[in-house]
Amino acid sequence: MIAIAGAKGGCGKTTATLGLAQAFARAGTPALAVDADRQLPNLHVTADVEREPTASALDEGTDVTALAQQTAGSPSVGVLPAPKPADTVDLGTALGSIEQDSTAVFVDCPSGAGPDIVEPLSAADGVVVVSTPTERSLTAAETTIDIARRLEVPVEGLLLNQCDSVPAAVESDFDVPVLGAVPEREPPLPAEEARTAFDRAAAHLLDSATDPEPVATAPDAENRLSTGVDALDRAFGGGFRPGTVVALTAAPASQSELLLYESTTERGTLYLSTERSEDTVRYAIEESMASAGSPTVRHLDAGNPLVKAEQLISNLPEGANLIVDPVDALERGDRADYVSFLNALVEHTRATGSIAVLHGLDPAPANRSATAQFADVVVRVDADFEDGLTHELRVEKSRRDELPTDPVEIDLTTEATLGRGGDT
């Protein structure tokens, strides 16, 4: 799945989306073009297909080939128009439900650099950034590349629109592959020169897919930050990389907060509580079965918790821990505000080489999907109450490391007592 993105409106993203899809089809790879711009949808217009059905019909198990409309002259290319503005749909989840198999999926992203681009960009395996040769458009392309890198989405290359050749300055100024230049022709897609340009770009993308770059080996254990939970550290080769954001989800009765308390033993921790008072959290840590450090505890009142949280996080020192417990109260706010908070959180966590843990409880608020998208690691805690209290940790997402395939079993009460020097 490749996102086609560009912060500057009018740079030709929609044409590039359909042009690359058709080029893949000509090379023998069936392709699907999906419009993710619900505010200014025009993929269906460019492809000359009906406005419906739209991507809002996507769901797990949906046969996307039955929804997509074929384009005239390209039977191996399907088109799925954007959801309507009034449709309630999580585009990230919808795109993630597409069974790709041998089909290439191209996602026409919204313009700009706001929250709307995060969902489709995060769902993609890579991004092609589109720009015209103007200074303003190239500056916007740099912004798009920066956003993709913050989200750790590989940049497959830069594609220039509306020019006959790639300017020398572009070749030297951008540290991403330049896929070529698409000349300005009317109409653009049927023109032989444009088709040739898209074919060359597609060939580069196909070569990258069949001959990927070697995966970098994980850093040695001493270059990682221990979580304080031995079983989890072992699963990740010594802990998490500095700059990792973790989403930890669980049922309220699971006592998953014991994992949070354990993590405070390793380094200085800022503990942001959205529900319990500061004294209540400190008392709970002192009286718990878990070994724990002495975190700095701050309560986020209900007035404007996102603003206060962002202010506190901005002062997080190098190599520290951050815990938000539970993150549910922040997830219940306006989505755009919450996404802005998550962007700031990721940026500061990366800049300080810290570890941030967002503790989410069931049932999940509407914006839990955004938490999962921004997190580098998503861990689910399941508790078993039949034989005492035991936990099973399932790693559901791991963006920066190989995903542990087996559940991590842990008897947290035993580890906690051992950590405090007591008898088990």
Side-chain angles (χ1 to χ4, degrees), residues 1-6 11-38 40-49 53-55 58 64-65 67-83 91-92 94-111 116-131 141 144-145 148 151 153-161 176-177 179-180 182 188-189 194-195 197-210:
M1 182 179 291
I2 299 177
I4 309 300
C11 64
K13 292 184 290 77
T14 300
T15 299
T17 300
L18 201 53
L20 287 171
Q22 292 175 347
F24 265 62
R26 287 193 292 271
T29 300
L32 172 68
V34 182
D35 196 343
D37 190 349
R38 68 175 75 196
L40 293 171
N42 60 1
L43 180 64
H44 65 286
V45 177
T46 303
D48 193 22
V49 298
T54 74
L58 284 172
V64 69
T65 58
L67 288 176
Q69 302 175 64
Q70 292 182 348
T71 58
S74 299
S76 296
V77 176
V79 173
L80 200 56
L91 267 176
L95 292 169
S97 71
I98 297 176
E99 295 289 342
Q100 297 175 50
D101 296 328
S102 59
T103 300
V105 181
F106 295 90
V107 182
D108 187 5
C109 294
S111 300
D116 286 348
I117 197 177
V118 172
E119 285 182 336
L121 201 56
S122 298
D125 300 305
V127 57
V128 169
V129 179
V130 180
S131 175
T144 304
I145 291 171
L151 296 173
V153 180
V155 180
E156 302 291 342
L158 174 70
L159 182 65
L160 286 182
N161 248 334
V176 299
L179 302 180
V182 180
L189 292 173
R195 287 163 60 97
F198 283 124
D199 286 342
R200 288 173 178 167
H204 178 92
L205 296 173
L206 286 165
D207 286 343
S208 298
T210 56

Test ring pair (Phe, Tyr, Trp, His ring centres under 6.0 Å) applied to Phe24 - qualifying residues, sequence neighbours left out: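 For Phe24 the ring pair (Phe, Tyr, Trp, His ring centres under 6.0 Å) partners, ignoring immediate neighbours, are Phe106.
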
4.5 Å side-chain heavy-atom contact, Pro110 and Pro120: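 Side chain of Pro110 against side chain of Pro120, heavy atoms only: contact under 4.5 Å found.
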
Side chain proximity check, Asp125 to Val105, heavy atoms < 4.5 angstrom: no

Minimum heavy-atom distance between [X] and [Y], given as atom pair plus value:
X      : Y      : answer
Ala27  : Leu206 : CB-CD1, 3.8 Å
His44  : Pro81  : CB-CG, 3.9 Å
Asn161 : Cys11  : ND2-O, 3.1 Å
Val127 : Ala148 : CG1-CB, 3.8 Å
Val153 : Ala124 : CG1-O, 4.0 Å
Pro177 : Val155 : CD-O, 4.3 Å

With sequence neighbours excluded, residues passing side chain to side chain donor-acceptor pair (under 3.5 Å) with Thr29: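 Checked Thr29 against side chain to side chain donor-acceptor pair (under 3.5 Å); zero matches.
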
Sequence neighbours left out, cut at 3.5 Å: what donor-acceptor pairs do the side chains of residues 12-21 make with other protein atoms?
| residue | atom | partner | partner atom | Å |
| --- | --- | --- | --- | --- |
| Lys13 | NZ | Cys109 | O | 2.8 |
| Thr14 | OG1 | Asn42 | OD1 | 2.8 |
| Thr14 | OG1 | Asp108 | OD2 | 2.6 |
| Thr17 | OG1 | Lys13 | O | 2.8 |

Within residues 16-27 or reaching into it, pairs that qualify as salt bridge (charged side-chain N to carboxylate O under 4.0 Å, His left out) - sequence neighbours excluded: Arg26-Asp199

Partner set under side chain to side chain contact (heavy atoms under 4.5 Å, CB included) for Pro53, not counting sequence neighbours: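 In terms of side chain to side chain contact (heavy atoms under 4.5 Å, CB included), with neighbours along the sequence ignored, Pro53 is linked to Leu67, Gln69.
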
Set of residues satisfying side chain to side chain contact (heavy atoms under 4.5 Å, CB included) with respect to Ser131, sequence neighbours excluded: Ser137, Leu138, Ala141, Leu158, Leu160

Matching residue for Glu156 among Val129, Leu205, Leu179 - test: side chain to side chain contact (heavy atoms under 4.5 Å, CB included):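 It is Leu205; the other options fail the test.
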
Distance check, rounded to the nearest 0.5 Å: [X] atom [atom1] versus [Y] atom [atom2]?
X      : Y     : atom1 : atom2 : value
Ile4   : Asp35 : CD1   : CG    : 12.0 Å
Leu189 : Thr46 : CG    : OG1   : 7.5 Å
Leu32  : Ser76 : CG    : OG    : 12.0 Å

Under the salt bridge (Lys or Arg N to Asp or Glu O under 4.0 Å) test, residues paired with Arg200 that sit two or more places apart: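 Not a single residue meets the salt bridge (Lys or Arg N to Asp or Glu O under 4.0 Å) criterion with Arg200.
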
